[in-house]
There are 2 protein chains.
Amino acid sequence: MNYSRQRDLILKTLQENAVHPTADCVYELLKKKEPNISLATVYRNLNLLADKGIIRRISGLDGIARFDHNTHKHYHFICSKCHKVYDVPYDVAPDLPARVAAETGLEVESCQVSFKGLCGECQKLTRN
Amino acid sequence: MNYSRQRDLILKTLQENAVHPTADCVYELLKKKEPNISLATVYRNLNLLADKGIIRRISGLDGIARFDHNTHKHYHFICSKCHKVYDVPYDVAPDLPARVAAETGLEVESCQVSFKGLCGECQKLTRN
DNA sequence: GATAAAATTGATAATGATTATTATTATTGT
DNA sequence: ACAATAATAATAATCATTATCAATTTTATC
């Protein structure tokens, strides 16, 4: 894997915008600094970085793939109203792979835990 | 909601094929009995039945929506080799909404827990 | 049972996210 | 500096899903 300015910028954009952006969102953010960037390049590199374990691909939230600079174990929550994505601490359901293996004999490589509901801000707005 | 023969057949197909089929898979299965069925009708009714809570929509397994006749609380596992979907018992991670609410204050409406890895059969085949 | 209103269907076009293609440009080892 | 290799930009293609709409089916009423 050679160095590329575009890939570098894509990674930085993800680190500086910890909002679990979609590929298209990263593309829009980057276009300000790098107007000639191609959407295909953004997809290519986000997938590459995720495959290398440098970032994380989040699927299952709303059908659209999102990307996370934080590779530590944790889960996600998407607000059904404002569509913002929040982190959920790992200890709400720790060691799932081991539990599944113990109960079923399946060999778990990865797991996705995603929640959907109303975030704090939208709860307030709805309450009235 | 009026009765329709097609919707009835779609529900029966799901109940008789407990393999967590995709919409396209239901369509292919149904074409044997109902050659004139339209893919749009399959999508329309699977979504309708899921919205009514009669069946369950499973998203997050592999990007493609799958459907489950079993509406009881449980999770899913998809084999990364043969792509078969297995059920995972609820008690590997029970009461997640309450735990998330307790830790974060988020109001959880639904959650998706999906595992990926090697199923028993594919483990055997790989071992040699 | 006939009939009109409402719901559903089949066929297909449209959409939206993602991937593939390819000629051009950038990077790297020598 | 230069050839070999990798990456890019632009865009076409793909795939799952949804929207559109004329024709058909279902249902309530007579």
Side-chain angles (χ1 to χ4, degrees), chain A residues 1-14 19-52 54-68 76 78 83 85 112 114, chain B residues 1-14 19-52 54-68 76 78 80 83 85 112 114 116:
Chain A
M1 186 161 92
N2 281 353
Y3 165 87
S4 101
R5 186 170 39 81
Q6 286 87 337
R7 180 157 48 239
D8 223 44
L9 286 168
I10 287 164
L11 182 55
K12 274 179 191 145
T13 302
L14 201 61
V19 296
H20 312 84
T22 63
D24 198 69
C25 180
V26 171
Y27 173 64
E28 291 299 333
L29 286 164
L30 244 179
K31 269 207 291 195
K32 295 170 193 166
K33 284 190 178 178
E34 189 77 3
N36 284 353
I37 192 99
S38 166
L39 179 58
T41 300
V42 173
Y43 270 102
R44 208 185 308 118
N45 283 297
L46 286 173
N47 284 331
L48 213 75
L49 291 166
D51 289 347
K52 299 267 177 197
I54 298 165
I55 64 174
R56 235 182 95 187
R57 186 191 289 105
I58 317 169
S59 44
L61 278 177
D62 56 359
I64 309 168
R66 290 166 177 275
F67 296 88
D68 195 341
H76 294 101
I78 189 167
H83 305 110
V85 176
Q112 292 269 346
S114 308
Chain B
M1 187 161 91
N2 280 353
Y3 165 88
S4 100
R5 187 170 39 81
Q6 287 88 336
R7 179 155 50 238
D8 222 45
L9 285 169
I10 287 164
L11 182 56
K12 274 179 191 147
T13 302
L14 201 61
V19 295
H20 313 84
T22 63
D24 197 69
C25 179
V26 172
Y27 172 64
E28 290 299 332
L29 285 164
L30 244 179
K31 270 205 292 194
K32 296 169 193 168
K33 283 190 177 178
E34 190 77 3
N36 285 352
I37 193 100
S38 167
L39 179 57
T41 301
V42 173
Y43 269 102
R44 210 184 303 121
N45 283 297
L46 286 173
N47 284 331
L48 213 76
L49 291 166
D51 290 347
K52 298 268 177 196
I54 298 165
I55 65 174
R56 234 183 94 188
R57 188 191 287 104
I58 317 170
S59 44
L61 277 178
D62 57 359
I64 309 168
R66 288 166 178 276
F67 297 87
D68 195 340
H76 296 101
I78 189 167
S80 50
H83 305 109
V85 176
Q112 290 271 344
S114 309
K116 196 174 181 180

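Residue numbers begin at 1 in each chain, while the letters A, B, ... track the order of the sequences.
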Using only side-chain N and O atoms of [X], determine if any of them is under 4.0 Å from OP1 or OP2 of [N].
X       : N      : answer
A:Gln6  : D:dA9  : yes
B:Ser4  : D:dT26 : no
A:Asn45 : D:dT8  : yes
A:Arg44 : D:dT8  : yes
A:Asn2  : D:dT8  : no
A:Asn47 : C:dT19 : yes

* Reckon A:Asp24 touches a base, only the sugar-phosphate, or nothing at all at heavy-atom distances under 4.0 Å? ->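 No contact.
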* Asked: Within the structure shown, what part of the strands sits under 4.0 Å from A:Arg7 by heavy-atom distance: base, sugar-phosphate, or nothing?
  ->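 It contacts sugar-phosphate atoms only.
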Starting at atom [atom1] of [X], determine the distance to atom [atom2] of [N], rounded to an integer number of angstrom.
X       : N      : atom1 : atom2 : answer
A:Tyr3  : C:dG29 : OH    : P     : 15 Å
B:Leu46 : D:dA16 : CG    : P     : 15 Å
B:Asn36 : D:dT24 : CG    : C1'   : 12 Å
B:Leu9  : C:dT8  : CG    : P     : 16 Å
B:Glu34 : C:dT8  : CD    : P     : 16 Å
A:Arg5  : D:dA9  : CZ    : C1'   : 12 Å
A:Ile64 : C:dA17 : CD1   : P     : 5 Å
A:Ile58 : C:dA17 : CD1   : P     : 17 Å

Among [options], find the nucleotide with the atom closest to the side chain of [X].
X       : options                : answer
B:Ile37 : C:dG10, C:dT18, D:dT27 : C:dG10
A:Tyr43 : D:dA16, C:dT8, C:dT19  : C:dT19
A:Thr41 : C:dG10, D:dA9, C:dT19  : D:dA9

* So, for B:Arg57 and B:Ala65, which heavy atoms are closest and what is the spacing to 0.1 Å? ->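 Of all heavy-atom pairs spanning B:Arg57 and B:Ala65, the closest is CG-CB, 4.5 Å.
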Separation of [Y] [atom2] from [X] [atom1] (nearest 0.5 Å):
X       : Y       : atom1 : atom2 : result
A:Asn45 : A:Ile37 : CG    : CD1   : 7.5 Å
B:Leu48 : B:Ile10 : CG    : CD1   : 10.0 Å
A:Thr13 : A:Lys33 : OG1   : NZ    : 6.5 Å

* To do: Could you point out which residue of A:Val26, A:Leu49, A:Ile58, A:Asn47 forms a side chain to side chain contact (heavy atoms under 4.5 Å, CB included) with A:Phe67?
  =>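 Of all the options given, the one that passes is A:Asn47.
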* Asked: When the nearest nucleotide of DNA chain D is assigned to B:Met1 and to B:Thr22 on a heavy-atom basis, which residue is associated with the more 5' position?
  ->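 The 5'-side residue here is B:Thr22.
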